[in-house]
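The block underneath contains the structure these notes are about, expressed in structure tokens.
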2 protein chains.
Amino acid sequence: MVSSAPVLHTRARILEAARALAEDRGTNFRLEDVAQAARVSRQAVYLHFGSRSGLLLALVEHVDKSEGLPRYSQRVRSAPTGVDELLAFIDLIAEYTPRIYLIAKVLDEARRTDPAARAADENRMLLRREGCTRHIRRLHDEGRLAAGWTVQGAAETLWALTNVSTWEDLVLDRGWSRQAYARRLKRLCLATFVRPPAAG
Amino acid sequence: MVSSAPVLHTRARILEAARALAEDRGTNFRLEDVAQAARVSRQAVYLHFGSRSGLLLALVEHVDKSEGLPRYSQRVRSAPTGVDELLAFIDLIAEYTPRIYLIAKVLDEARRTDPAARAADENRMLLRREGCTRHIRRLHDEGRLAAGWTVQGAAETLWALTNVSTWEDLVLDRGWSRQAYARRLKRLCLATFVRPPAAG
DNA sequence: GATCTGCTTTACATGGTGTCAAGCGCGCCT
DNA sequence: AGGCGCGCTTGACACCATGTAAAGCAGATC
């Protein structure tokens, strides 16, 4: 009979402990701290994750899974028009970035030393860039991409505009609300990428 | 009589050595390496800079001085109109960012652990933000700021658009040329911030 | 009851930062 | 010339986090 109490496995406890530590200290935590918070020995961390960066990578996966990006992006793609899709994408970014912010920082730190972390980070960026390309291509296919842009150029620009560090600058540093961030980014993208409808 | 040979003081030699190391290894260098490259003992580094982050901060100052930002920004401010000033500012960013890129990274790394580095970095950001505010305010004063923007909102947006990590994403990661970066950023800023002249 | 598994405990190696103290060469001053 | 101070060297060492190794132990399984 399985225990009915909400007891987490050691592995999960370690991950949750690391997540909590990352949320209030950034990535400046020692494995000793993580172990203590999870009420296991430091060696248990090594048995499960092999190394510090192994833990960080597992942490990224863990948070990703628990935040569930897929259902968000589903909503974006089901927008009626390309313009709506672009706006929905910005809403998604405004909503999703704060949830994965600390993880993005963790990954960013780990990539300095660990090739696996670097690869993982580049894969994340690639996925987001592909998303941007889809949005821009749809705009283009519907004849609404502003003059002067190639699909690739606009997609890469959109990708850079919606990266984590820009969000960090505006929301965390400048104190913009989620709404203000979304509103201004939408204004910017509409003015930049969207050709006005041929209303004449 | 002062020696006429181009012999650098120990302090300057250390800084140059650190700069060279940073340029090809990022910030993953040991003080031992710096000392060796400067042909001094590791302790000499401590005597001059006190600590690792002390060295990094001095390095930032050193590079800043040797690149001479002021004359660049003078050129920007002497533009005939606000729109020209905005475009000149983007040219400045496109030209100047690659020169200080590695330094910005160094500072970014140091700020994680060192409060002084954090303060220095925030001061840099403040200066650039003030510049952005001046450009946008002039645009506004000349009646050319696009509808829907406050001076502050537009200035902070421009500031975020021209930050180092966006440049890094587009130029280093995506391989954009300096010209492509400047051209597309100009197109974006014109479309976003500039109200068309009342023609007709 | 033997064994396997997952974790603990203790000890130790490694590598980089930072500190300390003694010493040394060289220019300067009187 | 002798003495002084300064800038740097030399070598040793403390510290701290990561990572490794080996023995032990307690509960589940057969």
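Letters A, B, ... mirror the listed sequences (proteins, then strands); counts begin at 1.
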Which angle, to the nearest 10 degrees, lies between the helix axes at the two ends of the helix from C:dG1-D:dC30 to C:dT30-D:dA1, each defined by five pairs?
10°
NZ or CZ of B:Arg75 within 45° of B:Phe89 ring axis and under 6.0 Å:
no
What pairs meet the salt bridge (charged side-chain N to carboxylate O under 4.0 Å, His left out) rule with one or both residues in residues 76-92 of chain B, with sequence neighbours excluded?
B:Glu85-B:Arg138, B:Asp91-B:Lys186
Contacts of type side-chain hydrogen bond (donor to acceptor under 3.5 Å, both in side chains), residue B:Ser66, not counting sequence neighbours
B:Arg19
Expressed as a whole number of angstroms, how long is the span from A:Phe49:CZ to D:dT18:C1'?
16 Å
Check side-chain hydrogen bond (donor to acceptor under 3.5 Å, both in side chains) between A:Ser73 and all other residues, then give those that pass, not counting sequence neighbours.
none
Please report the distance, rounded to the nearest Å, between CZ in A:Arg13 and C1' in C:dC7.
11 Å
Would you be so kind as to tabulate the donor-acceptor pairs closer than 3.5 Å made by side chains of residues 38-46 of chain A, with sequence neighbours excluded?
residue	atom	partner	partner atom	Å
A:Ser41	OG	A:Ala44	N	3.3

Can you tell me if the side-chain N/O atoms of B:His48 get under 4.0 Å from OP1 or OP2 in D:dG7?
no
What is the distance from CG of A:Leu21 to P of D:dA17, rounded to the nearest Å?
14 Å
Output side-chain donor-acceptor pairs under 3.5 Å for residues 175-184 of chain B, partner residues at least two apart or in another chain, one line each.
residue	atom	partner	partner atom	Å
B:Trp176	NE1	A:Glu156	OE1	2.5
B:Ser177	OG	B:Gln179	N	3.4
B:Ser177	OG	B:Ala180	N	2.9

For B:Arg30, check side-chain hydrogen bond (donor to acceptor under 3.5 Å, both in side chains) against everything at least two apart and list the hits.
B:Asp33
Tell me: CG of A:Leu55 to P of D:dA17, nearest whole Å?
16 Å
Can you name the residues that form a salt bridge (Lys or Arg N to Asp or Glu O under 4.0 Å) with B:Asp114, not counting sequence neighbours?
none
Going 5' to 3' through nucleotides 15-24 of chain C, assign each nucleotide B (protein heavy atom under 4.0 Å from a base atom), S (under 4.0 Å only from sugar-phosphate atoms) or - (no protein heavy atom that close).
-SBBBB----
Any side-chain N or O of B:Thr10 below 4.0 angstrom from OP1/OP2 of D:dC8?
yes
Nucleotide D:dG5, atom C1' - distance to CG of B:Leu47 in whole Å
15 Å
